[in-house]
There are 2 protein chains.
Amino acid sequence: MSHDTMATLTRETISAAPDPIVRRTLHDELLERLRAMIIDGDLAPGDKVPEKELCERFGVSRTPLREALKVLANDGLVKLTPNRGAMIADLTLEDLEEAFPVMGALEALSGEMACANITDAEIATIKKLHLEMVAHYEARELKPYFRTNQKIHEMLLSAAGNQTLSALYRGLEGRIRQARYLANMSTSRWTQAVREHEQIIAALEARNGAELGAILKSHLANKFETVKEALQDREKS
Amino acid sequence: MSHDTMATLTRETISAAPDPIVRRTLHDELLERLRAMIIDGDLAPGDKVPEKELCERFGVSRTPLREALKVLANDGLVKLTPNRGAMIADLTLEDLEEAFPVMGALEALSGEMACANITDAEIATIKKLHLEMVAHYEARELKPYFRTNQKIHEMLLSAAGNQTLSALYRGLEGRIRQARYLANMSTSRWTQAVREHEQIIAALEARNGAELGAILKSHLANKFETVKEALQDREKS
DNA sequence: ATATTGAATTATGAATTCAATATACATGTC
DNA sequence: GACATGTATATTGAATTCATAATTCAATAT
């Protein structure tokens, strides 16, 4: 064994079995859990965040919890008022009006990039999901419909293969999470939405990125209109 | 004074002078300062973040500083490794390749929305900045050129009038901050960039949102190519 | 009866402390 | 002399503590 290969060999020996023990910080773990709680609605918008209670629940001290809250505040999921603590952010019409165009731009990009990178297998999976979704539409099953719908958009996003894009998109989605439960669509809008999804599939199969981007953008804009109406109705009551 | 107007009057008296004392938390202040330090390059990529030193510098304890670091990590400006502390995030080619398309989408949206909302006065200001920038180009003053350039893009962004968009854009910009110092443009690229800026002004004056969006997108794509080359050169050395 | 004031309680922001982990250094072995 | 092992120091993550601000509630005045 010559001397100058030693170092290389040693490194290979070590890196041959790179199986590090994953250790997460409490802060990190809490961040994930709290995000999930907010997005799932366990912590409702407008709620005060009960620091003490959550600490007991998770069995941690206030320090890591508060660190997580600062991050969530930065992401817009909670509002922090000095000396008055944290509240789960409430969704205003203005928030929606700001978020949707940005979502549209990101979604369009996601479509464009997905067309460039997606595999045939992935397209097949999306088609299958699409058929599932249509079945839910025909059965008028709103919740399963939404769920499948979201899966399709998630797949497009991951097919785009851009972590930065995904992160921003998910961040925005978290903020407008409430909108989902609002959009009790009219039959005509629902039919239109399904038709738009047909177009999405077609553009995807043709791998026409520009087209897909445009469709997604207007699809989202239409969805926004639906949500906006629902939100305005709710605010009246 | 009738009794039923009392409450109203009282409320008016209070809300007539809403001049709350602005109190910021240390965490918030630190966040701002650290961001500036990173973006200005006072803390260089790859540097370990000296917790203790910074605490002394700012005269605060570790708690608020660490809170700020978590937020910065969430934004991708620093990397946090458990038990090993924080490092200023280093910019890889992959980061750039991910960030630029997203920046492009956001910038395009910014242009579109700016056209819809911008005032004549704002257009005039931008034109003035543009002339300044051209002057710097002709004098071959790179740094002032960049600075003015950035001001123009900032104005477009604020003219778009979408806080969500601004926040995401600035976040991304912070991450690719290093790219600025890399882009030592060739003369031909520089000339091209100025020409593109002429087009930007033209589209803006015509208030042609779609056009402006498209120009900004390709403008950024071209810039990316320049930066990419510079980065590859640097990585070789 | 209602509104206002002041004291007690609670919650928050930030500093400090403590335990666990990593790094640096020294010593011993081949 | 190179490497490994053990020890000391420093740094980090998280709990605890402390001071201050906000909230609650009873007492008082209107």
Side-chain angles (χ1 to χ4, degrees), chain A residues 1-14 20-34 43 46-74 78-88, chain B residues 1-14 20-34 43 46-74 78-88:
Chain A
M1 187 189 292
S2 73
H3 178 259
D4 63 325
T5 61
M6 281 267 289
T8 308
L9 273 178
T10 304
R11 203 165 62 217
E12 272 173 31
T13 306
I14 292 168
I21 297 172
V22 278
R23 278 174 308 176
R24 309 188 61 196
T25 59
L26 285 179
H27 146 81
D28 217 43
E29 190 104 17
L30 282 171
L31 196 53
E32 199 173 283
R33 296 247 218 149
L34 288 174
L43 293 167
D47 280 6
K48 251 185 328 185
V49 178
E51 238 177 57
K52 202 173 161 192
E53 202 178 295
L54 288 174
C55 285
E56 280 164 18
R57 164 102 90 98
F58 293 122
V60 299
S61 80
R62 282 173 59 221
T63 308
L65 183 82
R66 302 182 91 257
E67 286 169 349
L69 286 177
K70 309 285 185 204
V71 174
L72 291 172
N74 189 61
V78 309
K79 288 231 352 162
L80 241 48
T81 319
N83 295 320
R84 237 175 287 192
M87 289 183 75
I88 307 298
Chain B
M1 189 188 291
S2 73
H3 178 258
D4 64 322
T5 60
M6 280 268 289
T8 308
L9 273 177
T10 303
R11 203 165 61 218
E12 271 172 33
T13 305
I14 292 168
I21 296 172
V22 277
R23 279 175 308 178
R24 308 189 61 196
T25 59
L26 285 179
H27 146 81
D28 217 42
E29 190 103 18
L30 282 171
L31 196 52
E32 200 173 281
R33 295 248 218 147
L34 289 173
L43 292 167
D47 280 6
K48 235 180 3 167
V49 179
E51 242 177 52
K52 202 174 160 192
E53 202 177 295
L54 288 174
C55 284
E56 280 163 17
R57 164 102 90 99
F58 293 122
V60 299
S61 80
R62 283 173 58 221
T63 308
L65 183 84
R66 302 181 92 255
E67 286 170 349
L69 286 176
K70 309 285 186 207
V71 174
L72 291 172
N74 189 236
V78 309
K79 290 253 312 174
L80 241 47
T81 318
N83 296 320
R84 238 176 290 188
M87 288 183 76
I88 306 299

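Here is how names work: the chains are called A, B, and so on, in the same order as the sequence lines, proteins then strands, and each is numbered from 1.
Take the nearest nucleotide of DNA chain D for S61(A) and for R23(B): the residue whose nucleotide is more 5' is S61(A).
dA15(D) atom P lies 10 Å from atom CG of L65(A), rounded to whole Å. At whole-Å resolution of the value, CG in L30(A) and P in dA14(D) are 9 Å apart. Residue L69(B) contributes atom CG, which lies 14 Å from atom P of dA14(D) at whole-angstrom precision. dA14(C) atom P lies 15 Å from atom CZ of F58(B), rounded to whole Å. Counting to the nearest Å, the P atom of dT12(C) and the CG atom of D28(B) are 17 Å from each other. Across the protein-nucleic acid pair, M87(B) atom CE and dA22(C) atom P stand 16 Å apart, rounded to whole Å.
Other residues, nucleotides and ligands contribute only 12 or fewer heavy atoms inside 6.0 Å of the CZ atom of R57(B).
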A correct dot-bracket answer for DNA chain D, with pairs being Watson-Crick or G-U at under 3.5 Å, [ ] for crossing pairs and | for inter-strand pairs, is ||||||||||||||||||||||||||||||
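Rounding to the nearest 0.5 Å gives a distance of 9.0 Å between OG1 of T25(B) and CG of L31(B).
The two residues K70(B) and L80(B) have their closest heavy-atom pair at CD-CD2, 3.8 Å. Shortest non-hydrogen contact noted between P82(A) and R23(B) is CG-O, 3.6 Å. For the residue pair A68(A) and L30(A), the shortest heavy atom distance occurs at CB-CB, 4.2 Å. Heavy atoms only, all atoms of each residue included: G46(B) and M87(B) are closest at O-CE, 2.8 Å.
Looking at R62(A) and K52(A), their side chains never come closer than 4.5 Å, going by heavy atoms from C-beta outward. Using a 4.5 Å heavy-atom threshold, the side chains of L65(B) and L34(B) count as touching. Taking 4.5 Å as the limit, every side-chain heavy atom of H27(B) sits out of range of all side-chain heavy atoms of T63(B).
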Within the sub-3.5 Å range, which N or O atoms of nucleotides 9-12 of chain D have a protein N or O partner, and how far apart are they?
none

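At the heavy-atom level, R24(A) lies nowhere under 4.0 Å from the strands shown. Within 4.0 Å (heavy atoms only), T25(A) reaches sugar-phosphate atoms of the nucleic acid but no base atom.
Across dA21(D), dA15(D), dA15(C), the shortest atom-to-atom separation from the side chain of P64(B) is found for dA15(C).
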